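What follows is a single structure, written as structure tokens, with notes after it.
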2 protein chains.
Amino acid sequence: MKRNPTPRAGAPRRAPLTRDAIAEAALAQIDAHGLEVFSMRRLGAALGVEAMALYHHFRGKGPLLDAVMERLLDEVEIAPRGSLPPLERLRRAMVSYRNLALTHPQAFILLVYRRFNTERTFQLYEQILEMFADAGFESPLAARFFRTLGYFVNGAGMADIASRAQQPDATPVKLEQYSDREKYPRVAAVAPHLRVNNLDAIFTFGLDSIFEAMKRAAAPARRTGR
Amino acid sequence: MKRNPTPRAGAPRRAPLTRDAIAEAALAQIDAHGLEVFSMRRLGAALGVEAMALYHHFRGKGPLLDAVMERLLDEVEIAPRGSLPPLERLRRAMVSYRNLALTHPQAFILLVYRRFNTERTFQLYEQILEMFADAGFESPLAARFFRTLGYFVNGAGMADIASRAQQPDATPVKLEQYSDREKYPRVAAVAPHLRVNNLDAIFTFGLDSIFEAMKRAAAPARRTGR
DNA sequence: ACCTGAACACCGTTCAAGT
DNA sequence: ACCTGAACACCGTTCAAGT
């Protein structure tokens, strides 16, 4: 059997490599098999190329992972300015960011420890901080809540991933110990409220707590009495 | 030159390996050189032993890293029950936990993605949840704030580490871009408030916001008016 | 310009063997 | 019981060479 006929004579039998195509394939590999086993050689094989060909487009594995991280940032949905009240826009952006932990559980950690490696992060920060300004926050207060929200959404993403899947190379433990009422009675009592299908509601709860604090801080003059 | 004389005839020229000694040396290696370059072979060399000797005490690298993580958990300071009001005890425990990101920046991430691999974590959770119960929180509400605090302290630890040190294998970027007022004016405006020596104050601010929400939720009946 | 082949200096882990 | 030596199947990255 001949291989698939090419549309035009002389066309290459596969699309030439580009930075985008490589980063896209890398994210697909990480989503499918995990960051632990991701390697330049495996990625090359998946692209039908020797690993060394990738070095023509990226200086190394680190910069390639940074490009993968940028693809994640591209998936954060930001509502158009003016389409919603500023704090609601901000809230939805935070929800969208945390959703990356659900859609890309294996890759999400790249955001956590590589986000300051690239300029792309500052584009997102600029948009977020614009929302703070639109909501009337001065820089010192914006900086504090910006950071607090960032801590929360990154921590939530990582924790939800950790709750959903134990590491493959973990110390083997018996899960039933954790619901052992004798040994960990408090843990046993809250465990039913921490089931995986409750994690969305818990995230929303925590996010609301922070937004309520923001609303109070933004409008201290409106408090009843003094 | 002869090697150091041993205290007793027939005593081994180095202390025999134990799980504790290995885990301690592993943490020291990670603190000194980073998790990226940490390897069984390097650890063996640091202990004056072949890497394969470590497999007599640990089933593999994963379980060894779990033991290192447990050592970090051991450093969390929990005030004796009754020595402080429950919420103040809880607050100090959170501060102590986040401080691990400062004392062990290279190892802290083990807590983030390996903490559910071992039973030791549930000892700490039991203590934390006891504080919630002592403060009068019912399980559903305790679960929500327990999780919210966890998100926040883990996210804060990771973010503070990322802010303090760029990854060694990062895409090279020019740092001055980030304070470019033309390109990222909002980022430039808040940047002075996000300097490394302000991170402690920002952490305290965010923690206070969450604790204020907890105090309101714990005592809804005490609100003036209705 | 883009990719390959061979090589270098590493990994984690297994197995059989030593003491 | 505790450790070693050799081996296996991998890594990321370099370099010179091919087209």
Side-chain angles (χ1 to χ4, degrees), chain A residues 6 9-23 25-26 29-30 32-69 106 110 113-114 117 167-172, chain B residues 3 6 9-26 29-30 32-69 106 110 113-114 117 167-172:
Chain A
T6 49
R13 73 173 179 283
R14 67 166 169 67
L17 288 180
T18 62
R19 283 176 65 93
D20 267 5
I22 292 169
Q29 286 279 307
I30 294 167
H33 306 113
L35 195 59
E36 296 272 277
V37 301
F38 173 76
S39 75
M40 298 298 270
R41 292 168 122 111
R42 281 172 68 110
L43 177 58
L47 287 165
V49 106
E50 295 298 315
M52 297 71 207
L54 304 174
Y55 287 82
H56 231 269
H57 300 89
F58 290 95
R59 303 190 59 198
K61 193 182 184 182
L64 171 52
L65 291 176
D66 290 337
V68 173
M69 184 215 64
Q106 310 258 34
L110 296 174
Y113 74 98
R114 302 196 77 89
N117 292 348
Q167 286 299 107
D169 61 347
T171 309
Chain B
R3 57 172 179 253
T6 48
R13 74 174 180 282
R14 65 165 170 68
L17 289 181
T18 62
R19 283 177 65 93
D20 266 5
I22 293 170
E24 185 183 350
Q29 286 281 305
I30 294 167
H33 306 112
L35 195 58
E36 297 272 277
V37 301
F38 173 75
S39 75
M40 299 296 271
R41 291 168 123 110
R42 281 171 68 111
L43 177 59
L47 287 164
V49 106
E50 294 298 313
M52 296 70 208
L54 305 174
Y55 286 82
H56 231 269
H57 299 89
F58 290 95
R59 303 190 58 196
K61 192 181 183 182
L64 170 53
L65 291 177
D66 290 337
V68 173
M69 184 215 64
Q106 310 257 33
L110 296 174
Y113 76 99
R114 303 195 77 90
N117 292 348
Q167 287 298 107
D169 61 348
T171 309

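First the proteins, then the strands, lettered A, B, ... as listed; each starts at 1. These numbers come from a predicted model, not from an experiment. When reading the values below, keep in mind they use all heavy atoms of this one structure, side chains included, and skip hydrogens, waters and symmetry mates.
- As rounded to whole Å, 15 Å separates atom C1' of dG12(D) from atom CZ of Arg59(A).
- In the set dT4(D), dA7(D), dG5(C), the nucleotide with an atom closest to the side chain of Glu50(B) is dT4(D).
- Listed nucleotides dC11(C), dC2(C), dC3(D) differ in distance to His56(A); the shortest reach to its side chain belongs to dC2(C).
- Across the protein-nucleic acid pair, Arg19(A) atom CZ and dA1(C) atom P stand 17 Å apart, rounded to whole Å.
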N/O donor to acceptor pairs below 3.5 angstrom from side-chain atoms of residues 16-23 of chain A, sequence neighbours left out:
unit_1: Thr18(A); atom_1: OG1; unit_2: Ala21(A); atom_2: N; d: 3.0
unit_1: Arg19(A); atom_1: NH1; unit_2: His57(A); atom_2: O; d: 2.8

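- For the side-chain contact (heavy atoms from CB on, under 4.5 Å) test, residues two or more places apart in sequence or in another chain that qualify with His33(A) are Gln29(A), Val37(A), Arg42(A).
- Atom OH in Tyr55(B) sits about 6 Å away from atom P in dG12(C), given to the nearest Å.
- Side-chain contact between Leu35(A) and Leu65(A) is present, with at least one heavy-atom pair separated by less than 4.5 Å.
- One interatomic measurement links the two molecules: CG of Leu43(A) to C1' of dT13(D), which rounds to 15 Å at whole-angstrom precision.
- Put simply, CE on Met40(B) is 16 Å from C1' on dC10(D), counting in whole angstrom units.
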Item to check | Watson-Crick or G-U pairs under 3.5 Å in DNA chain D, rendered as dot-bracket with [ ] for crossing pairs and | for another strand | outcome: ||.|||||...|||||.||

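- You'll find that the side chain of Met52(A) is closest to dG5(C), out of dA1(D), dG5(C), dT4(D).
- Taking atom CG on Leu47(A) and atom P on dT4(C), their separation rounds to 11 Å, with Å as the unit.
- Counting only heavy atoms from C-beta on, Lys61(A) has its side chain closest to dG12(D) among dG12(D), dT13(C), dC2(C).
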